[in-house]
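What follows is one structure encoded as structure tokens, with my remarks underneath.
Sequence lines set the chain letters: A, B, ... in the order given, protein chains first and strands last, and positions in each chain run from 1.
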2 protein chains.
Amino acid sequence: MGFSVKNRHRSVKVLRRGDLAKLTGCNLETIRYYENIGVMPEPPRTSKNYRAYDESHVGRLRFIMRARELGFTLDEVRDLLALVDGGVQTCGEVQGLANSHLASVRAKIDDLKRIERVLSSTVAQCTGDDVPECPVIDALTEVT
Amino acid sequence: MGFSVKNRHRSVKVLRRGDLAKLTGCNLETIRYYENIGVMPEPPRTSKNYRAYDESHVGRLRFIMRARELGFTLDEVRDLLALVDGGVQTCGEVQGLANSHLASVRAKIDDLKRIERVLSSTVAQCTGDDVPECPVIDALTEVT
DNA sequence: CCTAGGCTCTGTAGTTGGTACAGGCTCAAT
DNA sequence: ATTGAGCCTGTACCAACTACAGAGCCTAGG
């Protein structure tokens, strides 16, 4: 994985895009996408125009992927990264972002639970028979 | 709202797209979109090429909107409508669709709950102070 | 009668978060 | 020398809408 490039006196391990993808489990194309939208930095290029990543990029991509797993939007990820990169990030600022995201996660859960309640109570009334009368259709057709 | 068109011997109330939008609360453009993707039927046109809806379209659009509110995808809506339109729909068939949708709603709830747990327990460790150490950032940066 | 504004029509582009090609280079191994 | 893998770019596609431009039509007010 990766290849070495002579850099004056030492040999530096360089990661190509495919290496980064394998190391992180991220889709190959997604890496380029993240670069395009500015959440991954533009890496240096080799003489043949290949992206040359290093360990710092692995860390950055893992950060992004973890935040995405926690449901942060890419906009929110950008905000988090800006705080981290700014070097002036405070726990309070990050807490603010995380809390507002938490609120939206909770709102989504509530929405889905409401849907689940309606749907499960309606389906529970189904006979499941080969008859055309169906409580689910009735609920959707209802003239309220 | 609407306008009348002389139709041989009686006058028929015709709804324009804007009327349908107001009656159902659906966005104007969404109606055209639903027509394009085939969940709303192509309505008859007036001589001036305006869409001419009637009460049946109001019912159809409300059905779609209710199904969407219950989180059915438009593909699932299409299936439901095909069953209803087919006239041979049985309660069992509809129940099948609703149940599989219910399963995916429950899966989404579980996902979000997991996210909520991780996020809230992490945020709970924040001091909220003006210090750079932050449990949220640590969790995202963690070298596992 | 004329004009302004409001409605409608069409096609097309933007949104979010990616994914997947096509067509062309480069590189290592056979 | 050639094959295959990997990389490069731009672009198109997915859901489910939303929005806008540019044109046509219709009605009410002056």
Report task. If a pair satisfies ring pair (Phe, Tyr, Trp, His ring centres under 6.0 Å) and one of its residues is in residues 86-116 of chain B, list it, with sequence neighbours excluded. Result -> F72(B)-H101(B)

**Report entry** Pairs touching residues 26-35 of chain B that satisfy side-chain hydrogen bond (donor to acceptor under 3.5 Å, both in side chains), sequence neighbours left out
**Finding:** E29(B)-R32(B), E35(B)-R51(B)

Report task. Please list all pairs passing the salt bridge (Lys or Arg N to Asp or Glu O under 4.0 Å) test where one or both residues lie in residues 128-140 of chain A, with sequence neighbours left out. Result -> none

Query raised in the report: How would you list all residue pairs meeting salt bridge (Lys or Arg N to Asp or Glu O under 4.0 Å) that involve residues 90-99 of chain B, not counting sequence neighbours?
Result: none

List the residues meeting side-chain contact (heavy atoms from CB on, under 4.5 Å) with [X], not counting sequence neighbours, and say none if there are none.
X	value
S121(B)	none
S100(A)	none
D110(A)	none

Report summary line: With sequence neighbours left out, the residues meeting side chain to side chain donor-acceptor pair (under 3.5 Å) with E116(B) are R106(A)

Report summary line: For S56(B), the side chain to side chain donor-acceptor pair (under 3.5 Å) test, sequence neighbours excluded, returns D54(B)

Could you go through nucleotides 18-22 of chain D and list every protein N or O atom that sits under 3.5 Å from one of its N or O atoms, giving the distance for each pair?
unit_1	atom_1	unit_2	atom_2	d
dT18(D)	OP2	T30(B)	OG1	2.5
dA19(D)	N7	E29(B)	OE1	3.4
dC20(D)	N4	E29(B)	OE1	2.9

Would you list the protein and nucleotides 25-28 of chain D atom pairs, both N or O, that sit under 3.5 Å from each other?
none

Query raised in the report: Between the axis at one end of the helix from dC1(C)-dG30(D) to dT30(C)-dA1(D) and the axis at the other (five pairs apiece), what's the angle to 10 degrees?
Result: 30°

Query raised in the report: For the pair made of CD1 in I64(B) and P in dA16(D), what is the distance, rounded to whole Å?
Result: 13 Å

Query raised in the report: So what does F72(A) touch, heavy atoms closer than 4.0 Å: a base, only the sugar-phosphate, or nothing?
Result: nothing

